[in-house]
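Okay, so here's the structure we're looking at.
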Amino acid sequence: MSTPTPRSSTPRHFISRDSFPRLFNFEMEQKLLDTIAAAFKGTLEQKDFETKLLMIKQLFVTRDFQQLFTKQDLLPVYCAHYLPNRSLCYNKLFSNMNAKFGKVLSLGSGNGAELLGLISALESKDQSLDFVLQDLSDYHLNDLEAEIRSNYSTKFTLSKQICDLGTIEGLKQIQYDIKTSTVITAMFLLNEILSSNKKGFVLLVQHLVKHMPKGSLLLVVDSAGSFSEVQMNEKTYMSWDFLDPLPQFEILEKQDSVWYRCDPELKYPLKLNNMRYFLRLYRKN
């Protein structure tokens, strides 16, 4: 089946942020980083921080995601290191996104990057938010939530769904949230599931196709590099290869390679890295 293309009458769902004053962007992003630094101050000061971070990177290399995202002693270090870049990138995406968010179901978002990125983006849009955070483990983000509520005026409710998306039981647990959300996000998630649990990937996609309400949006973001490639039957695939052809999803935005580049003047206790990712925005037919 050929890949559907966006209809010419479809309004563009991302606006350019280039016209925003640089000072506005910089202050927004620095405030976001200060929020993270305050929430994870104790973690950043741990003597074994670098040792734990090396363990995390090794688990990424071996694609042992089950071990990586269920070891409670590694999760705060993972957040302190990866949350800044992800939150900055998501903040830009959500700031540019022309949508009413309402209720958001964020899959695989236990580290809080989607929550912080979206709350920051909504600060200037006068929208309230019902946010459902799903992940395999509870990251216990009490300090981060407290910092967000202290630093941002955006009103939001936060609920958690701790479950395995690769199982029937886990999908049943989030079925109501799928049915009632206006936006569902899957950030740096689908390629992990596809590489480690192909049956689970199919089950998740089937569940989204069946239960997402008409007109709701699915935002998919993942690494654009070779790390996201999955080998099957001597062929190489990305998660979009299985989503783009689906007639139940209309492709509103499609970018195979996008760079988020950090402002070199931003301050954070750890080095900030640029990110290269692919983007898909689907609307349920």
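Residues take their numbers from the sequence shown, with the count starting at 1.
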Exercise: do Ser137 and Thr70 side chains pair donor with acceptor under 3.5 Å: no
CG on Leu252 to CZ on Arg280, rounded to 0.5 Å: 12.0 Å
Where Leu32 and Ser87 come nearest, the two heavy atoms and their spacing: CD2-CB, 3.5 Å
Same cluster (ILVMFWY, side-chain, under 4.5 Å), Tyr176 and Leu218: no
Separation of Ser239 OG from Glu192 CD (nearest 0.5 Å): 11.0 Å
Distance-minimising heavy-atom pair for Asn111 and Cys79: CB-SG, 3.6 Å
Flag for Asn85-Tyr260: side-chain donor and acceptor within less than 3.5 Å: no
same_hphob_cluster(Phe131, Ile162) at 4.5 Å side-chain heavy-atom cutoff: no
Check: Leu44 and Tyr268 side chains under 4.5 Å, non-hydrogen atoms: yes
Rounded distance (nearest 0.5 Å) linking atom CG of Leu141 with atom CG of Leu158: 8.0 Å
Side-chain heavy atoms of Val132 within contact of Lys103, under 4.5 Å: yes
Greater than 12 external heavy atoms within 6.0 Å of Lys198's NZ: yes
Distance-only donor-acceptor check, side chains Gln30 and Asp34, under 3.5 Å: yes
Asn91 side chain vs Leu116 backbone, donor-acceptor pair below 3.5 Å: no
side-chain hydrogen bond (donor to acceptor under 3.5 Å, both in side chains) partners of residues 154-171, not counting sequence neighbours, each pair once: Glu123-Thr154, Asp130-Thr157, Asp138-Lys160, Gln161-Gln173, Gln161-Asp177
Cluster link Phe26 to Leu272, ILVMFWY, side chain under 4.5 Å: yes
Considering all heavy atoms, the nearest Ala80-Thr43 contact: CB-CG2, 4.2 Å
Aromatic ring proximity, centroids under 6.0 angstrom, Phe40 and Phe49: no
Tyr277/Val220 under side chain to side chain contact (heavy atoms under 4.5 Å, CB included): CA gap, chis, key distance, verdict: CA-CA 10 Å; Tyr277 62 93; Val220 177; over 6 Å; no
Side-chain heavy-atom pair Gln255, Glu253 within 4.5 angstrom cut-off: yes
Heavy-atom donor-acceptor pair, His207 side chain to Leu171 backbone, under 3.5 Å: yes
Pairwise side-chain contact, Ile184 with Val104, heavy-atom cut-off 4.5 Å (strictly under): no
Heavy-atom side-chain contact between Lys57 and His81 under 4.5 Å: yes
Parallel, tilted or perpendicular: ring planes of Phe65 versus Phe60, cut at 30 and 60 degrees: perpendicular
Heavy-atom donor-acceptor pair, Asp244 side chain to Asp241 backbone, under 3.5 Å: no
Short side-chain donor-acceptor distance under 3.5 Å, Arg276 and Ser223: no
Contact summary for Leu217 and Met97, nearest pair of heavy atoms: CD1-CE, 4.0 Å
Donor-acceptor pair between Lys100 and Thr182 side chains, under 3.5 angstrom: no
Shortest non-hydrogen separation from Leu83 to Gly112 and the atoms involved: CD1-C, 3.6 Å
Flag side-chain contact, heavy atom, 4.5 Å: Leu105 against Thr185: no
Phe249 and Tyr282 aromatic ring geometry - parallel, tilted or perpendicular at 30°/60° bounds: tilted
Nearest-0.5 Å distance that lies between atom CD1 in Ile36 and atom CG in Asp143: 13.5 Å
Side-chain donor or acceptor of Ser181 paired with backbone N/O of Ile178 under 3.5 Å: no
In one Ile/Leu/Val/Met/Phe/Trp/Tyr side-chain cluster, 4.5 Å: Ile168, Met212: yes
Test side chain to side chain contact (heavy atoms under 4.5 Å, CB included) applied to Leu190 and Leu243, step by step: CA-CA 10 Å; Leu190 294 186; Leu243 296 173; 3.7 Å; yes
Heavy-atom closest pair, residues Gly108 and Glu114: O-OE2, 4.3 Å
Minimum side-chain heavy-atom gap Ile174-Cys163 below 4.5 Å: yes
Ser106 OG to Met187 CE distance, which is reported to the nearest 0.5 Å: 6.5 Å
Ring geometry between Trp240 and Phe278 (parallel below 30°, tilted from 30 to 60°, perpendicular above 60°): perpendicular
Stepwise side chain to side chain contact (heavy atoms under 4.5 Å, CB included) test for Leu75 and Lys71: CA-CA 7 Å; Leu75 295 181; Lys71 287 184 67 67; over 6 Å; no
Any donor-acceptor N/O pair, Asp64 side chain to Gln67 backbone, under 3.5 Å: yes
Plane angle bin for Phe69 and Tyr139 - parallel if under 30°, tilted between 30 and 60°, otherwise perpendicular: tilted
Quiz item: cation-pi between Lys31 and Tyr152, 6.0 Å / 45°: yes
Minimum side-chain heavy-atom gap Met28-Ser120 below 4.5 Å: yes
Arg149 charged N/C atom sitting above Phe156 aromatic ring, 6.0 Å / 45°: yes
Cation over ring face, Arg86 and Phe188, 6.0 Å, 45°: yes
Evaluation steps, side chain to side chain contact (heavy atoms under 4.5 Å, CB included), between Leu88 and Leu266: CA-CA 11 Å; Leu88 288 170; Leu266 289 170; 4.2 Å; yes
Joint hydrophobic cluster, Leu136 plus Val205, side-chain heavy atoms closer than 4.5 Å: no
Point-to-point distance, once rounded to the nearest 0.5 Å, from CD of Gln58 to CG of Leu68: 11.5 Å
